[in-house]
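Structure first, commentary second.
Nothing here was measured: the structure is a model prediction, and the numbers come from that model. Atoms within each ligand, like the ligands themselves, are counted from 1 in listed order.
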Amino acid sequence: MLQDAVSRGITGAGLDVVQYGLASTPAMFNSTLTEGDAFFCPVDGAIMITASHLPYNRNGLKFFTNAGGLGKPDIKDILERAADIYKQFMVEGLTNLEKQTSTSIKRVDYMSVYTSDLVKAVRRAAGDIEKPLEGFHIVVDAGNGAGGFFAAKVLEPLGAKTSGSQFLEPDGMFPNHIPNPEDKTAMKAIIQAVLDNKADLGIIFDTDVDRSAAVDSTGHELNRNRLIALMSAIVLEEHPGTTIVTDSVTSDGLTTFIEKKLGGKHHRFKRGYKNVIDEAIRLNSIGEESHLAIETSGHGALKENHWLDDGAYLMVKLLNKLASARAAGRGGGSKVLTDLVDGLEEPGFAVELRLKIDQNHSDLKGGSFRDYGEAVLKHLENRVDSDPKLQKAPVNYEGVRVSGSGGWFLLRLSLHDPVLPLNIEAPSREDAVKLGLAVAAATKEFPALDTSALDKFVQAF
Ligand SMILES: O=P(O)(O)OC[C@H]1O[C@H](O)[C@H](O)[C@@H](O)[C@@H]1O
């Protein structure tokens, strides 16, 4: 229904529409870059209709041109124009639109074009071997999102066995688990599938395949900081010394790993995949070489892949590693990947608590939740400055990041919601509670902030 409505709107404006049917978000962006008259590429723009990992009633549109995804100012402009059009909308106008629609819509199986490019990339990396993954058993969990294609259209042509792959059929109600590589239930499901099938590797995607994570043959998760460490190791082998841009909630252990073990530079920036990608592009433009922008959420983009935010391409980089190790006679299995993250320090305890701002509370005094959140952060910062046991991070791009008790915390404003997410990592729960208490002391003076999750966390100790 949404696809038809969008198509009707575009053809009504006098433009041609090519419908791809079920597709992934990165494939949509890719179609603005692919060359091929037979499938009308490159297209001038692409629109993905998806709710991502959110419930089906929160569907939205993601817009792409060959310069990447549209940002906030462009989206605002589109919405304002749409509102104006809506004001002047008349039912008679629809009749003309219907006529144009039937003549200017074409259907193309673009996912076959996109997936054959992924297959070619792995073959090339393995030295032009037709089936470089022969003998590997890899299970895919698409969580009933759009990523099911990866088993039959990428892994199988490369020779891998994919039996035991699960939830490949799209179903927007997500009957099995939320397709989200940060979600504990989702990760549990793919770990179980790897162990049950004695597979070499597990791959999990989010709904629209712009995020991903993996699981090694022992059931060890390769997501969040570990996925960043793994991708950094691969990229730094190819580009020694390069800068890795990540989001703000990455661990201190990751910085040590990238800088001391891999010889790269870790640029911890802001949360939000568009923020990290744009920052990497900016660094390159001022002469600081960066080849990877990646978030703990599993969003990742490489310079070699047009800064395209593509979960499937991240997994292709892992497959390249497996295939080339096999071609070089260095055994099979996922050990080659696990070895790459060897030495990454993991925190003994990690937690994320999300503190909600009540937008209707009188303490906001008619102001915005953003202003209120900023006031909480300023107050916390002042308290930290006067506490000798806490040290503010010398370089920090969002919120308040503080070291203490052998760990760290970050309190920041959510990108979209009236929420202050609090991340704490420490050697033990006891140390994490000490950090939590410092935040609790500063936030108790803000009645519009719901600190119950934090109170529960510090009291339960
Ligand atoms: O700021 P938060 O509420 O934690 O949300 C942050 C997240 O928002 C979206 O899901 C973006 O796609 C992610 O790139 C980002 O990390």
- Task: Give a yes/no on ligand 1: does K274 have at least one heavy atom closer than 4.0 angstrom to it?
- Result: no

- Filtering H53, R211, R354, R271 for the heavy atom nearest atom 3 (O) of ligand 1 leaves R354

- Thinking salt bridges, do K317 and E238 make one under a 4.0 Å N-O criterion? yes

- Centroid-to-centroid, H361 to F369, below 6.0 Å? no

- Message: Regarding ligand 1, does Y273 bring an N or O atom to under 3.5 Å of one of the ligand's N or O atoms?
- Response: yes

- Item | Closest protein heavy atom (residue, atom, distance) for atom 10 (O) of ligand 1 | H416 NE2, 4.2 Å

- Message: With nothing but distance in play, are any N or O atoms of D417 less than 3.5 Å from an N or O of ligand 1?
- Response: no

- Nearest non-hydrogen protein atom, atom 16 (O) of ligand 1: E295 OE2, 2.6 Å

- Task: For ligand 1, find out whether one of its N or O atoms is nearer than 3.5 Å to an N or O atom of L413.
- Result: no

- Among all protein non-hydrogen atoms, which one is nearest to atom 4 (O) of ligand 1, and what is the separation to 0.1 Å? R412 NH2, 2.7 Å

- Run the numbers for me: atoms of ligand 1, each under 4.0 Å from some heavy atom of H299, listed by number. 12 (O), 14 (O)

- Message: Using a 6.0 Å cut-off, check whether atom CG of D44 has over 12 heavy atoms from anything other than its own residue.
- Response: no

- Message: Polar contacts were defined as any N/O atom of the residue lying under 3.5 Å from an N/O atom of the ligand; does this apply to S297 and ligand 1?
- Response: no

- Query: Below 4.0 angstrom, N of the basic side chain to O of the carboxylate: do K265 and E259 qualify?
  - Reply: no

- Message: So that I know where these two stand, are H53 and F174 an aromatic pair - ring centroids less than 6.0 Å apart?
- Response: no

- Query: Hey, do the aromatic rings of H306 and F29 have their centres closer than 6.0 Å?
  - Reply: no

- Message: If the threshold is 4.0 Å, N to carboxylate O, is there a salt bridge linking E374 and R412?
- Response: no

